[in-house]
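Structure record follows, encoded as structure tokens.
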Amino acid sequence: MTELKSKIKAGIIGGAGYTGGEMLRLLLNHPNVDIAFVNSTSNAGNYVHDVHTDLLGDTDLKFTNELSTDVDVLFLCVGHGDARKFLEVNPIPDSVKIIDLSQDFRLNQNSKFAGKNFIYGLPELNRDEIKSAQNIANPGCFATCIQLGLLPLASKGLINNDVHISATTGSTGAGQGLSPTSHFTWRNDNLSVYKVFNHQHLNEIGESLNQLQTGFNQAINFIPYRGDFTRGILASIYTECELSGEEALKLYHDFYAGHPFTLVTDRDIDLKQVINTNKVFLQVKKHDNKLFIVSILDNLLKGASGQAVQNMNLIFGLEETAGLKLKGSAF
């Protein structure tokens, strides 16, 4: 854990995209952070509020194409593969903490790069390691949602049967780049599956489950859906389990006790409860011999930038919820 002497100086690489925009919104309102610079080669010289128009009146920052290492923490809000390329050509001193939001360093085999070691940044799994980390690989959005639905079972060695998952994500999960499936005319009033059984987040999910349940090798049958809404993920998960409903609910409550953003209930839940927040809601219920878990989060906050700020708070010894006490949109 880094001793905090004054406000944290933060730099953002890739500030024009969805995760960069959310990072700006969070850090501009964080009581312990000053934004030193926001890098975007495509928008250099433009005001931040020219791109993120809701920030008009909140900041006079301009994007820059320059990089300064006179910061305490550097957030890499870039596309998959681009974080590795960035570090190849931009040596970052060890005095700067790096929090990467891409998938480049999440897996164990990729966690060491350019002389740096990246800790997998899921606080509910690795909180103590995060507190003393130099660099963080922020988890994926689907991975966060699904792992939080399964970690309590793995912690007791209880995932002994196939796991079945259907999960739907909003359009922001695909990033800002246009593709045939991201246009409004295609996405609106539509629903589709993609990357059936082979989504890239399965690899980090498997590693985390193995971390708690040694030798875990059960099949994870994951069907991702593209939803016709903007943000959020709802994952429904089920697997055979010998626990009673009451035992399962207690296990989940106990596992997440002391984790401020992960809330457990046996009531029905819906996405609007977590949108624009850093919260995860988990519904846990037993149906015959199957345990059924619904996990919901905002893919841009707890699934990306919010979790990155949560990791920053842990690294610098701040209150874990600092800058993240956000108001949801209930209706």
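All values below were derived from every heavy atom in this structure, side-chain atoms included, with hydrogens, water molecules and symmetry-related copies excluded. Being a predicted model, the structure only gives us computed values, none of them experimental.
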(message) Counting only heavy atoms not in E242 (residues, nucleotides, ligands), do more than 12 fall under 6.0 Å from its CD?
(response) no

Is it the case that atom NZ in K285 sees more than 12 heavy atoms from other parts of the structure closer than 6.0 Å?
no

N32 side-chain N/O to K7 backbone N/O, donor-acceptor pair under 3.5 Å: no

Does L191 belong to the same Ile/Leu/Val/Met/Phe/Trp/Tyr cluster as V196, with side-chain heavy atoms less than 4.5 Å apart forming each link?
yes

Set out, in order, the CA-CA distance, both residues' side-chain angles and the distance that settles side chain to side chain contact (heavy atoms under 4.5 Å, CB included) for I275 and T230, then state yes or no.
CA-CA 10 Å; I275 296 305; T230 301; over 6 Å; no

Exercise. Are T265 and L263 close enough that some pair of their side-chain heavy atoms sits under 4.5 Å apart?
Worked result: no

- Query: Within the side chain of Q213, is there an N or O that forms a donor-acceptor pair under 3.5 Å with the backbone of I159?
  - Reply: yes

Of all heavy-atom pairs linking C145 and I296, the shortest is SG-N, 4.1 Å

Taken to the nearest 0.5 Å, the spacing of S111 OG from I119 CD1 works out to 7.5 Å

- Query: When you look at CG of N160, are more than 12 heavy atoms from neighbouring residues, nucleotides or ligands closer to it than 6.0 Å?
  - Reply: yes

**Message:** Do E124 and L122 have side chains that approach each other closer than 4.5 Å (heavy atoms only, starting at C-beta)?
**Reply:** yes

- Message: Whether the side chain of E22 engages the backbone of T19 through a donor-acceptor N/O pair (distance < 3.5 Å, no angle test) should be reported.
- Response: no

| said: Given 3.5 Å as the limit, does a donor-acceptor pair link the side chain of D162 with the main chain of I220, or not? | reply: no

- Query: In the single-linkage hydrophobic clustering (I, L, V, M, F, W, Y; side-chain heavy atoms under 4.5 Å), do I233 and V163 co-cluster?
  - Reply: yes

Salt-bridge present (K85, E88; N to O < 4.0 Å):
no

To the nearest 0.5 Å, atom CG of L158 lies from atom CZ of F216 at 12.0 Å

When rounded to the nearest 0.5 Å, the distance separating OG1 of T69 from CG of L74 is 9.5 Å

- With a 4.5 Å heavy-atom cut-off, do L212 and L153 have their side chains touching? no

Report task. Please step through side chain to side chain contact (heavy atoms under 4.5 Å, CB included) for the pair I98 and F118, ending with a clear verdict. Result -> CA-CA 9 Å; I98 298 173; F118 286 81; 4.0 Å; yes

Here the pair of heavy atoms bringing N39 nearest to T41 is OD1-N, 4.1 Å

Nearest heavy-atom contact between P152 and S155 is O-OG, 2.6 Å

Rounded to the nearest 0.5 angstrom, the CG-CG distance for L234 and D270 is 9.0 Å

field: Side-chain heavy-atom pair F37, V71 within 4.5 angstrom cut-off
entry: yes

Flag yes if V280 and I293 sit in one hydrophobic cluster, no otherwise; membership is Ile, Leu, Val, Met, Phe, Trp, Tyr, and two members link when side-chain heavy atoms are under 4.5 Å apart. yes

Contacts satisfying side chain to side chain donor-acceptor pair (under 3.5 Å) that involve residues 193-206 (not counting sequence neighbours) are R106-E204, Y120-E204, K195-Q200

- Donor-acceptor under 3.5 Å (Q147 side chain, A143 main chain): yes

Heavy-atom check, side chain of L243 versus side chain of K156, under 4.5 Å: no

On a heavy-atom basis, the closest approach of F63 and V48 is CE1-CA, 3.6 Å

Report task. Would you check if H49 and D58 make a side-chain contact, meaning some heavy-atom pair closer than 4.5 Å? Result -> no

If we ignore hydrogens and angles and just use 3.5 Å, is the side chain of T144 paired with the main-chain N or O of G140 as donor and acceptor? yes

Student check: side-chain heavy atoms of I146 and S295 closer than 4.5 Å: no

Between the CD1 atom in I35 and the CG atom in L24, the distance rounded to the nearest 0.5 Å is 5.0 Å

Quiz item: If Ile, Leu, Val, Met, Phe, Trp and Tyr residues are connected whenever their side-chain heavy atoms lie under 4.5 Å apart, and connections chain through other members, are L151 and F261 in the same group?
Solution: no

In terms of the angle between their ring planes, are H259 and Y256 parallel, tilted or perpendicular, with boundaries placed at 30° and 60°?
perpendicular

Exercise. Can you find a pair of side-chain heavy atoms, one from L301 and one from L26, that are under 4.5 Å apart?
Worked result: yes

All heavy atoms of C77 vs all of L101, minimum pair found to be SG-CD2, 4.3 Å

Please determine, by modelled atom types, if N117 and Q134 share a side-chain donor-acceptor pair under 3.5 angstrom. no

- Message: Please check: side-chain N/O of D104 versus main-chain N/O of R84, any donor-acceptor pairing under 3.5 Å?
- Response: yes

Output a table of donor-acceptor pairs, distance under 3.5 Å, between side-chain atoms of residues 310-321 and any protein atom two or more places apart or on a different chain; print 'none' if there are none.
{"unit_1": "Q310", "atom_1": "OE1", "unit_2": "N278", "atom_2": "ND2", "d": "3.1"}
{"unit_1": "Q310", "atom_1": "OE1", "unit_2": "K302", "atom_2": "NZ", "d": "3.0"}
{"unit_1": "Q310", "atom_1": "NE2", "unit_2": "E320", "atom_2": "OE2", "d": "2.7"}
{"unit_1": "N311", "atom_1": "ND2", "unit_2": "G121", "atom_2": "O", "d": "3.0"}
{"unit_1": "N311", "atom_1": "ND2", "unit_2": "N138", "atom_2": "OD1", "d": "2.9"}
{"unit_1": "N311", "atom_1": "ND2", "unit_2": "Q307", "atom_2": "O", "d": "3.2"}
{"unit_1": "N313", "atom_1": "OD1", "unit_2": "H30", "atom_2": "NE2", "d": "2.9"}
{"unit_1": "N313", "atom_1": "ND2", "unit_2": "E320", "atom_2": "O", "d": "3.0"}
{"unit_1": "N313", "atom_1": "ND2", "unit_2": "A322", "atom_2": "O", "d": "2.9"}
{"unit_1": "E320", "atom_1": "OE1", "unit_2": "R127", "atom_2": "NE", "d": "3.4"}
{"unit_1": "E320", "atom_1": "OE1", "unit_2": "R127", "atom_2": "NH2", "d": "2.9"}

Next item on the list: Would you check if there is a donor-acceptor pair between the side chains of S102 and D100 at a distance under 3.5 Å?
Entry: yes

_F113, CZ: over 12 other non-hydrogen atoms inside 6.0 angstrom_ = yes

Q: Answer yes or no: is there an ion pair linking K279 with D298, defined by an N-O contact shorter than 4.0 Å?
A: no

Verify, without hydrogens or angle tests, whether T168 (side chain) and Y225 (backbone) share a donor-acceptor contact under 3.5 angstrom. no

Scanning both residues in full, the closest heavy-atom pair of C241 with L291 reads CB-CB, 3.8 Å

* To do: Decide yes or no on side chain to side chain contact (heavy atoms under 4.5 Å, CB included) for F255 and V264, but give the supporting numbers first.
  => CA-CA 10 Å; F255 187 88; V264 179; over 6 Å; no

With hydrophobic residues grouped by side-chain heavy-atom distances under 4.5 Å, do I13 and F75 end up in a single group? no

Here the salt bridge (charged side-chain N to carboxylate O under 4.0 Å, His left out) pairs for residues 246-265, sequence neighbours left out, are K250-D254

ask   = Any donor-acceptor pair under 3.5 Å linking the side chain of D72 with the backbone of K9?
value = yes

Any donor and acceptor pair, going by atom type alone, linking the side chain of T277 with main-chain N or O of V274 inside 3.5 Å?
yes

In this structure, OG1 of T239 is separated from CZ of F292 (nearest 0.5 Å) by 13.0 Å

